[in-house]
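For reference, the structure is listed below as structure tokens.
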Amino acid sequence: MTSQPSLFQGLNDAQREAVETVDGPLLIVAGPGSGKTRVITHRIAHLVHDYGIPPYRIAAVTFTNKAAREMRDRVARLVGTNANSVTGGTFHAFCGRMLRQYGEMIGVNRNYSIYDSDDQLALIKQAEQMASKDPQRFPPRTIQSIISRAKSVMMNSQALERAAADYFEKTAAEVYYYYEELLARNNAVDFDDLLLKAVLLLENNGEIRDLYQQQYPFLMIDEFQDTNVAQYQLSRLLTGPSQNVCVVGDPDQSIYSWRNADIRNILSFQSDYPGAKVIALEQNYRSTGAILSAAKSLIASNRMRLDKDLFTSNADGDPLVVHEAYDEEEEAAFVISEVEHLVRSKSFNPGDCAVMYRVNAQSRALEEACLHLGVKYRLVGGVRFYHRREIKDLLAYLHLLQNPRDAVNLGRVVNVPPRGIGAKTMQTLQEWAQGQEVPLYTAMQQVAAAKNSGQTPPVRLAARAVNAISAFVSVAERLMGFAQTVPVVKLIDLTLQESGLDRHVRESDDSPEERWENVLALRELAQEFNAEDPPDGLASFLERVALVSEVDSFEESEDSLTLITLHQAKGLEFPVVFMVGMEEGLLPHSRSMESESEVEEERRLCYVGVTRAQRKLYLLRAFRRGFMSYRGPTVASRFLNEIPAASIAGASDGSSGPYRVPTTRSARVVTNDQWRPAAMAAATPSRPSLSVGDSVRHNTFGEGVVLDLTASNGDVEVTVEFTGGLGTKRLLLSFAPLEVIKG
DNA sequence: TCCTCATAACTTTTT
DNA sequence: GTTATGAGGA
């Protein structure tokens, strides 16, 4: 039982301590690039190698499946075993497996479908109908987020009803009630349910809880700052009497509060696990000094944080580059030409570079530039693979085969390809099924059975509809016969053929080749899955498919540039990072400027982006940008001003260098939360001598900053934020005694 | 019942 | 500049 020297070699004191601390609760606060993954994997390897703990007794919860895979690989490399690997995955996947096995104990049938947020939305619309609520007054999306928030803090509809503060929330609670009813009828769960029901299962069932605690005496949870209340509960329930739980996180990288993540979890940890050891990893190995100091001064503007002292012994490296382009096209062109320049100078591969942005829509300009200039790229996310119509259709068939009670997926495929079962027919069927209290599919079976035995169908339906239904049912029945016996790939082939979906996709009028390729890609996935030969083939395939994220399939490649959202970039690193769209309204996003805490989360998001960079960081903004139907001037992101001039190229001497974005004017905007981005304004400014961001002086109001210019009846309405607590005033340019101080 | 064309409403981030 | 919905004709 001697420690393999290499396990501790090259670790710093804090890392070593974290690896060695295997007893009792442990909180590792890990700054970006502080060797977190290294610590986690070495700690597991230490447990396995020096304490003889079998890897499968260790459960490691990660944020993405990709992270889990990497962790497993690295542990395997360290310990030299590949057989009994660590149990790893996301909370959702972990819960999915648990429910598949033991869900029956709390009334979850093992064939349940997992509904994604589109399915969820469809169901909420139905629920609103049942509750006779007007979707105009109660937007399903809003209701959806209320329900999701409730579920994430373990509230059922009754609890939400009790807690409802106003009529809107009361309505939401009512819809929630019907929504749950519908889920149950469809034998389906949503993402939140996976967590919620797993918690209920463990809470109400001591035996299962003991089973899990014994099975996994060692529990590790990564990205703890992004867990929600249900996940926190789950981690408490999974922690056995030995209290061997190790959580790793960084409050400064908490960027999922909109998904109900609660930073307080990381703070509660210390009170809920008295005697928890806290270790901070503060040495950064990833980035240059310049990048790290930019990151530090950026995040220092957040008020709600625990102070950390990050440091690095890396060289300062190149200063950051701040570039203001004219518009998004030029911004993209600058990125691409810079990438080409870096590649030509032989210091980097395209694969070393990543472009990060706040919203997926920003990828378009970049993609176009790549195509135009012949640069290979990999787009992470975008229109998500599993959200593509052909993929959803195929998966809907598979879901139906697995779970015939699933009326949402049934409704999705019943007329794809068109086979004469329209909305009217389905409406009639549904009403009848509801009256009989049988699942929709059963109702269809009955219609088909009646037809086949020459009886009149039990519902009033056109003869053509009856024929169509019976044809559909016979296809479905045949496929269901195969569902549990043939491998998933085979089932996919059969489904494509029998249902006519293959022809339908291949002959669709918009980009049939691409769609068919997607179908084949899914088939390919099934093939790979098949090779693993898992038990419960179809069920676990569907589960996996429902719970993968886009980054999961992200693989580094030498020759292509990566395009990725800031959120998805979390946990990744690149030698060269370009952050585009450093503008007010985009980063921070206009929908996240209502409150200080939202802005702070945006700042953390920015921090995450900055700290992904190893050697070179470019911050870009466009002076003009088009959103939707509007294009107009923008204002530099306040975050640019929070990065010290000293770390920026051409600005270190204090003067404005070629790349330096003017700072003084937007610096003033920073403090104002009421501010709205100019880009969101409804009209195009005419051509005044003023522009957004200019400092102006008014005879009576004093000095201020121009926030917005709007054309109005041949004049221009100027919105000015006055300093000195006067607030915002709207003035007509031709009348207002305004004088430009600086522009 | 299906398909086409028009319009409107909109896009934050995702397991 | 998109994508979801609706009306109307085949």
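Since this is a predicted model, take the numbers as computed values, not measurements. Order of the sequence lines sets the chain letters (A, B, ...), proteins ahead of strands, with each chain counted from 1. Values reported hereafter were calculated over all heavy atoms of this structure, with side chains retained and with hydrogens, waters and symmetry mates removed.
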Next item on the list: For B/dT15, take OP1 and OP2 only and decide whether either is under 4.0 Å from a side-chain N or O of A/N65.
Entry: no

Next item on the list: Specify the separation, in whole Å, of atom CG of A/L121 and atom P of B/dT14.
Entry: 17 Å

Checklist line | Nearest-Å distance for atom pair CD/C1', residues A/Q144 and B/dT15 | finding: 13 Å

Checklist line | Residue closer to the 5' end of DNA chain B, A/R141 versus A/T565 (nearest nucleotide) | finding: A/R141

Check: Who passes ring-ring contact (aromatic ring centres under 6.0 Å, His included) against A/H567, sequence neighbours left out?
Finding: A/Y256, A/W258

Checklist line | side-chain contact (heavy atoms from CB on, under 4.5 Å) partners of A/V408, counting only residues at least two apart | finding: A/Y115, A/D119, A/L123, A/N186, A/D406

Notebook entry, point to check: What dot-bracket string describes DNA chain B from 5' to 3', counting Watson-Crick and G-U wobble pairs whose defining distances are under 3.5 Å, with [ ] for crossing pairs and | for pairs to another strand?
Noted result: |||||||||......

Note to self: What I'd like to find out is whether the side chain of A/L234 reaches to under 4.5 Å of the side chain of A/C95, using heavy atoms alone.
What the structure shows: yes

Check: How close or far is atom C1' of B/dT14 from atom CG of A/D116, stated in whole angstroms?
Finding: 11 Å

Item checked: Which residues share a salt bridge (charged side-chain N to carboxylate O under 4.0 Å, His left out) with A/R612, sequence neighbours left out -> none

Check: So do the side chains of A/R305 and A/P251 get within less than 4.5 Å of each other, counting heavy atoms only?
Finding: no

Item checked: Nearest non-hydrogen partners of A/V459 and A/V447, listed with the distance -> CG2-CG2, 3.8 Å

Notebook entry, point to check: Sequence neighbours excluded, which residues qualify as salt bridge (charged side-chain N to carboxylate O under 4.0 Å, His left out) partners of A/R141?
Noted result: none

Notebook entry, point to check: Roughly how many Å is it from CG in A/D190 to C1' in B/dT14, rounded to a whole number?
Noted result: 14 Å

Next item on the list: Could you tell me the separation between the CG atom of A/L195 and the P atom of B/dT14, rounded to a whole number of Å?
Entry: 18 Å

Next item on the list: Would you indicate which nucleotide in B/dT11, B/dT13, B/dT15 comes nearest to any side-chain atom of A/S117?
Entry: B/dT15

Next item on the list: Starting at atom CD of A/E601, determine the distance to atom C1' of B/dT14, rounded to an integer number of angstrom.
Entry: 13 Å

Notebook entry, point to check: Residues in ring-ring contact (aromatic ring centres under 6.0 Å, His included) with A/F168, at least two apart?
Noted result: A/F138

What pairs of nitrogen or oxygen atoms, one from the protein and one from nucleotides 5-10 of chain C, lie under 3.5 Å apart?
{"from": "C/dT5", "atom 1": "OP1", "to": "A/K125", "atom 2": "NZ", "distance (Å)": "3.2"}

Note to self: By the definition side-chain hydrogen bond (donor to acceptor under 3.5 Å, both in side chains), identify the one residue from A/R149, A/K125, A/Q120 that meets it with A/Q144.
What the structure shows: A/Q120

Item checked: Where protein sits on nucleotides 1-8 of chain B, one letter per nucleotide: B base, S sugar-phosphate only, - none, heavy atoms under 4.0 Å -> SSS-----

Next item on the list: Nearest-nucleotide wise, let me know which of A/R389 and A/R364 is further upstream toward the 5' end of DNA chain C.
Entry: A/R364

Checklist line | A/Y112 six-ring face occupied by A/R100 cation (under 6.0 Å, within 45°) | finding: yes

Notebook entry, point to check: Taking atom P of B/dT14 as reference, at what distance in whole Å does atom CG of A/D226 sit?
Noted result: 13 Å

Check: With sequence neighbours left out, what residues match A/Y216 under ring-ring contact (aromatic ring centres under 6.0 Å, His included)?
Finding: A/F94

Note to self: Once side chain to side chain donor-acceptor pair (under 3.5 Å) is applied, do any residues pair with A/E390, and if so which ones, sequence neighbours excluded?
What the structure shows: A/R515, A/N518

Notebook entry, point to check: Counting only non-hydrogen atoms, which of residues 256-266 of chain A are less than 4.0 Å from DNA chain B?
Noted result: A/Y256, A/W258, A/R259

Notebook entry, point to check: Are OP1 or OP2 of B/dT15 and a side-chain N or O of A/T64 less than 4.0 angstrom apart?
Noted result: no

Next item on the list: Start with the C-alpha distance between A/L298 and A/R603, add both sets of side-chain angles, then the distance that settles side chain to side chain contact (heavy atoms under 4.5 Å, CB included), and finish with yes or no.
Entry: CA-CA 8 Å; A/L298 172 72; A/R603 190 176 284 109; 4.0 Å; yes

Scan the side chains in residues 410-420 of chain A for donor-acceptor partners under 3.5 Å anywhere in the protein, sequence neighbours excluded, and list what turns up.
{"from": "A/R412", "atom 1": "NE", "to": "A/D393", "atom 2": "OD1", "distance (Å)": "3.0"}
{"from": "A/R412", "atom 1": "NH2", "to": "A/D393", "atom 2": "OD1", "distance (Å)": "3.4"}
{"from": "A/N415", "atom 1": "OD1", "to": "A/R419", "atom 2": "N", "distance (Å)": "2.7"}
{"from": "A/N415", "atom 1": "OD1", "to": "A/G420", "atom 2": "N", "distance (Å)": "3.3"}
{"from": "A/N415", "atom 1": "OD1", "to": "A/I421", "atom 2": "N", "distance (Å)": "3.2"}
{"from": "A/N415", "atom 1": "ND2", "to": "A/I421", "atom 2": "O", "distance (Å)": "3.2"}
{"from": "A/R419", "atom 1": "NH1", "to": "A/Y397", "atom 2": "OH", "distance (Å)": "3.3"}
{"from": "A/R419", "atom 1": "NH1", "to": "A/V413", "atom 2": "O", "distance (Å)": "3.0"}
{"from": "A/R419", "atom 1": "NH1", "to": "A/V414", "atom 2": "O", "distance (Å)": "2.8"}
{"from": "A/R419", "atom 1": "NH2", "to": "A/Y397", "atom 2": "OH", "distance (Å)": "2.9"}
{"from": "A/R419", "atom 1": "NH2", "to": "A/S499", "atom 2": "O", "distance (Å)": "3.2"}

Margin query: Could you tell me how far apart A/M356 (CE) and B/dT13 (P) are, to the nearest whole angstrom?
Written below: 16 Å

Notebook entry, point to check: Is the phosphate of B/dT13, meaning OP1 or OP2, less than 4.0 Å from a side-chain N or O of A/Q568?
Noted result: no

